[in-house]
Amino acid sequence: MADGQEDDPLEGAFAEARGGPTVLRILVGAQLRRLREASGISREAAAYAIRGSEAKMSRIESGRVGFKPRDVADLLTLYGLTEGSARDVVLHLAEQANEPGWWHRYSDTMPDWFSTYVGLEQAATIIRSYEAQYVPGLLQTEAYANAVVDLGEAVRADEVSKRVELRMHRQQLLYMPNPPDYWAVIDEAVLRRNLGGRQVMREQLDHILEVSKRPNITVQVVPFDRSDVAAVGGPFTLLRFAEADLPDIVYLEQLNSALYLNKDVDVMNYLQIINRLAAGALTPQQSTALITSVRDAL
């Protein structure tokens, strides 16, 4: 913390930020953008000052890349922050933002586009997801996750193990102090698709029943006879953050890539869809009864 700035709102916002370097990058980038705009400096001119392109400036201001200390220092100078605690705070947090999150050690088994999601997921305060085929990753047992990861593509056994380990590690955020609210809407097909064998499915459904007792976890099932409320398109996840600078983000995973939507119109569209799904799905209590019924029939 910079000296003499206990009430600095910027520092306060950063201090409250939950999550790792992904969130810090976004917050630092947003602050650099605000400073540039307040200075009346174009993105092109700022890019020139750090010997880069407008595309590079865009990536910096959106928090999609790490920061070079020299670039941040040059930008702050350009924006008139030549000394003082406000400059020190931004420089310090930019340095922190470059530190790898815990998921960095799995970087050899996951693509960059998914690494970004893991960072955002760890920082979210509300996570809402819809799944039509598989149990959401945050609710999977290890055995079920093994069966899912092993599907489709040829993956080495050691890589399957590491991907499953990553998935299990991600789940820890649901059980930490002040966990995010997690709300999953799943299609009935998820319950009835027998992945990994009957015993694996029994344990998986038992796990859903158990974790859904937690106050921060809600599970609703869209039954087959309510197909009119099924989502248009595939699974998606909505992330919401405590920090005002971070917009809601819609995450759409594809086979070899992912989309991150944060425009108001896109986010609103998916909010309406998830609200419609939840309204049309079974209540949590009814969902528990259905999951129990499917489990007992295995």
Side-chain angles (χ1 to χ4, degrees), residues 109-111 113-114 117-118 121 127-155 159-160 163-164 166-168 170-171 174 182-212 217-239 249-261 269-282 284 286-288 290-295 297-298:
T109 59
M110 65 174 170
W113 52 262
F114 189 67
Y117 174 75
V118 175
E121 181 183 72
I127 304 170
R128 303 175 70 182
S129 67
Y130 170 70
E131 286 284 351
Q133 297 192 62
Y134 308 118
V135 171
L138 290 179
L139 299 180
Q140 291 179 7
T141 63
E142 185 171 344
Y144 185 94
N146 256 297
V148 173
V149 173
D150 206 23
L151 277 175
E153 55 183 315
V155 182
E159 191 170 340
V160 170
R163 289 189 188 184
V164 171
L166 167 64
R167 195 162 301 183
M168 297 300 104
R170 283 172 49 209
Q171 295 178 3
L174 295 178
Y182 181 57
W183 185 3
V185 180
I186 59 178
D187 192 272
E188 184 177 343
V190 171
L191 309 179
R192 300 191 181 279
R193 180 168 289 107
N194 193 342
L195 275 176
R198 296 170 68 182
Q199 182 60 29
V200 169
M201 280 305 298
R202 272 196 292 267
E203 292 174 357
Q204 176 60 70
L205 297 180
D206 281 341
H207 180 67
I208 295 175
L209 292 169
E210 185 61 31
V211 298
S212 60
I217 298 176
T218 302
V219 177
Q220 289 185 261
V221 180
V222 179
F224 287 144
D225 62 0
R226 295 190 186 177
S227 57
D228 55 311
V229 301
V232 177
F236 62 90
T237 299
L238 269 162
L239 302 172
I249 291 177
V250 179
Y251 173 73
L252 301 170
E253 186 170 320
Q254 301 170 336
L255 188 58
N256 293 311
S257 63
L259 292 176
Y260 295 84
L261 308 177
N269 186 28
Y270 278 91
L271 272 173
Q272 291 173 345
I273 291 174
I274 196 73
N275 286 338
R276 180 166 57 86
L277 282 165
L282 299 175
Q286 292 170 331
S287 298
T288 293
L290 177 58
I291 295 169
T292 301
S293 172
V294 174
R295 188 262 182 229
L298 283 170

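The structure presented is a predicted model; accordingly, all values stated were derived computationally and were not measured. Nothing fancy with the numbering, it's 1 onward along the sequence.
- S212 has its side chain out of reach of T218: every pair of non-hydrogen atoms, C-beta onward, lies at least 4.5 Å apart.
- Sorted by first and then second residue, the salt bridge (Lys or Arg N to Asp or Glu O under 4.0 Å) pairs with a member in residues 197-212 read D206-R295, E210-K213; sequence neighbours excluded.
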In sequence, state the C-alpha distance, the side-chain angles, and the governing distance for R128 and N275, and then conclude on side chain to side chain donor-acceptor pair (under 3.5 Å).
CA-CA 10 Å; R128 303 175 70 182; N275 286 338; 2.7 Å; yes

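- For the pair V135 and L139, the minimum side-chain heavy-atom distance is below 4.5 Å.
- If you check the side chains of R167 and Q140, you find a donor sitting under 3.5 Å from an acceptor.
- For R170 (side chain) and V118 (main-chain N/O), no donor-acceptor pair under 3.5 Å exists by modelled atom type.
- Taking the six-membered ring where the residue is Trp, Y130 and F236 present tilted rings, their angle falling between 30° and 60°.
- Using a 4.5 Å heavy-atom cutoff, the side chains of Y270 and L252 are in contact.
- Atom CD of E121 sits about 12.0 Å away from atom CD1 of I249, to the nearest 0.5 Å.
- Under the 6.0 Å cut-off for aromatic ring centres, Y251 and Y260 qualify, their centroids lying closer than that.
- You'll find the side chain of R163 stays beyond 4.5 Å of the side chain of M110, heavy atoms only.
- Side-chain atoms of Q220 do not come within 3.5 Å of backbone N or O of S287 as any donor-acceptor pair.
- Annotation for E142: atom CD does not count as buried by contact number, only 12 or fewer foreign heavy atoms lying within 6.0 Å.
- Counting heavy atoms from C-beta outward, Y144 and L195 have side chains that approach closer than 4.5 Å.
- Checked by atom type and distance alone, the side chain of E188 never pairs as donor or acceptor with a backbone atom of V222 at under 3.5 Å.
- You'll find the side chain of V211 stays beyond 4.5 Å of the side chain of L174, heavy atoms only.
- At a threshold of 4.5 Å between non-hydrogen side-chain atoms, the residues L271 and I273 do not count as touching.
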